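For reference, the structure is listed below as structure tokens.
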Amino acid sequence: MPELPEVETVVRELRPRLTGRYIVSVRAGRKALRRRWSPVWAAALNGRRIDAAERRGKWIVLHCDDGARLVIHLGMTGQLFVAPADAPRQPHTHLVFGLNDGTEELRFRDVRRFGSATLFPDRAALETFFTQSGLGPEPFDLDPAFWRARLLATDRCLKAALLDQRLVAGVGNIYADESLYEARLHPTRRGRDTRPAEAERLRKAIVVVLTRAIEKRGSSIRDYIGGTGRKGGYQEEFRVYGRTGAPCRRCGAPIERIRLAGRSTHFCPQCQGSGSRE
DNA sequence: ATAGGCGCCTGCTGGC
DNA sequence: TGCCAGCAGGCGCCTA
């Protein structure tokens, strides 16, 4: 589900609701997430004040007043939101953090359990984790020379390159397709066959598409909700994603769908040229 | 090292 | 109506 715009929206909406508040209780479900939740973390978090909420790629990072970092990934179906403490707890709610004054709680729901929640003791430990996983730069401060060099060095197709979090952090299946359409580049084009000007076009397209999506508070296909429980609106703006057979908004040709890098991939066969260098 | 494929989970949809 | 294959916004592990 959630790619950069959705995670950014969650963080922006959680920030004013969490900053300065204390965690007064921690409850964890029994079912395992992608990374196992440790009871030790619950004890460590109890009584801590949340000082900041930020995003790195698709990761949500909450800062505690003792320097610890609570790091959450939403996987495909994760939801992190503040709810009234007396609201019914929905199925698949795996973590519940009580907030001080007792009227509200932070809840983590995840139907498919591809998401995770992990506590790092300090900033350095978190940075080590990101470094070891090879997490790439944020798209908004992606150095053009770095991007061009990495893209032109790979044998993979552009779609696969965009999904690789080591090249650029935060792009997933929806925004990869939308960015390639915006850049008028075919998803099967090889990175190695890309011209420098095309690489730069793609870099700019990613920024444009992600910025637009954040303005619309992300995309809600089925599961996604923001930090206040509201859905996003960018699904109304899709040019190619989920529009198989529908007319291209630019040229009218039917949008095509293929399987690429193991993911469904949508593109306009007219506007996005061919899979090989022209 | 790099690229492709599979598996992890649950729920929903569409075709028969 | 009922069943089942196929599909879903992510990522880590395995293999070649």
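Quantities reported herein were computed from a predicted structural model and do not represent experimental measurements. Below, all heavy atoms of this structure are taken into account, side chains as well, without hydrogens, waters or symmetry copies. Sequence lines set the chain letters: A, B, ... in the order given, protein chains first and strands last, and positions in each chain run from 1.
Across the P atoms, B/dC9 and C/dC14 are found 15 Å apart, a figure rounded to whole Å. With both ends at atom P, the span from C/dT1 to B/dG11 equals 22 Å, rounded to whole Å.
The distance from atom CD of A/E178 to atom C1' of C/dG9 is 12 Å, rounded to the nearest whole Å. Rounded to whole angstrom, the span from the CZ atom of A/R112 across to the C1' atom of C/dC7 amounts to 9 Å. Atom CG of A/D110 and atom P of B/dC9 are 12 Å apart (whole Å). Residue A/Y224 contributes atom OH, which lies 11 Å from atom C1' of C/dG9 at whole-angstrom precision. A/Q132 has its CD atom 18 Å from the P atom of C/dC11, to the nearest Å. Put simply, CD on A/E3 is 13 Å from P on C/dA8, counting in whole angstrom units. Between the CG atom of A/L163 and the P atom of C/dG12 there is a distance of 13 Å, given to the nearest Å. In this structure, A/I221 atom CD1 and C/dG10 atom P are separated by 10 Å, rounded to whole Å.
Here A/F114 counts as stacked on B/dC8: its ring centre is under 5.5 angstrom from the base ring centre and the planes meet at under 30°.
An OP1 or OP2 oxygen of C/dG9 is reached within less than 4.0 angstrom by no side-chain nitrogen or oxygen of A/K58. OP1 or OP2 of C/dA8 lies within a sub-4.0 Å distance of a side-chain N or O belonging to A/S264. The phosphate of C/dA8 (OP1 or OP2) has no side-chain N or O of A/R222 nearer than 4.0 angstrom. Distances shown here put a side-chain N or O of A/K31 below 4.0 Å from the OP1 or OP2 atom of B/dT10. Proximity of A/T77 to the phosphate of C/dA8: no side-chain N or O atom is located under 4.0 Å from OP1 or OP2. The phosphate of B/dG11 (OP1 or OP2) has no side-chain N or O of A/R113 nearer than 4.0 angstrom. Put simply, A/R34 has no side-chain N or O that comes within less than 4.0 Å of OP1 or OP2 on B/dC8. Contact annotation: A/S133 does not reach the phosphate of C/dG12 (side-chain N/O to OP1 or OP2, under 4.0 Å). Dashed line: the shortest gap from a side-chain N or O of A/Y241 to OP1 or OP2 of C/dG9 is under 4.0 Å. Close to B/dC9, at under 4.0 Å from its OP1 or OP2, lies no side-chain N or O of A/H92. The phosphate of C/dG9 (OP1 or OP2) has a side-chain N or O of A/R263 nearer than 4.0 angstrom.
Distance alone, capped at 3.5 Å, places no donor-acceptor pair between the A/E6 side chain and the A/Y224 backbone. Listed for the A/Q165 side chain is a donor-acceptor partner under 3.5 Å among the backbone atoms of A/G170. Not a single donor-acceptor pair under 3.5 Å links the side chain of A/R201 to the backbone N or O of A/A205. When atom types are taken as modelled, the side chain of A/H94 and the backbone of A/D110 share a donor-acceptor pair closer than 3.5 angstrom.
Within the shown strands, nothing qualifies as a pairing partner of B/dC9 under the Watson-Crick or G-U definition with both distances less than 3.5 Å.
A/R259 comes within contact range of the sugar-phosphate backbone alone, with a heavy-atom separation under 4.0 Å but no base atom that close.
In this structure, A/F129 has its ring center closer than 6.0 angstrom to the ring center of A/W59.
The side-chain contact (heavy atoms from CB on, under 4.5 Å) test with A/C271 is passed by exactly one of A/R250, A/R249, A/H186, A/E182: A/R250.
Comparing A/G262 and A/R166 along DNA chain B, the residue whose closest nucleotide (by nearest heavy atom) sits nearer the 5' end is A/R166.
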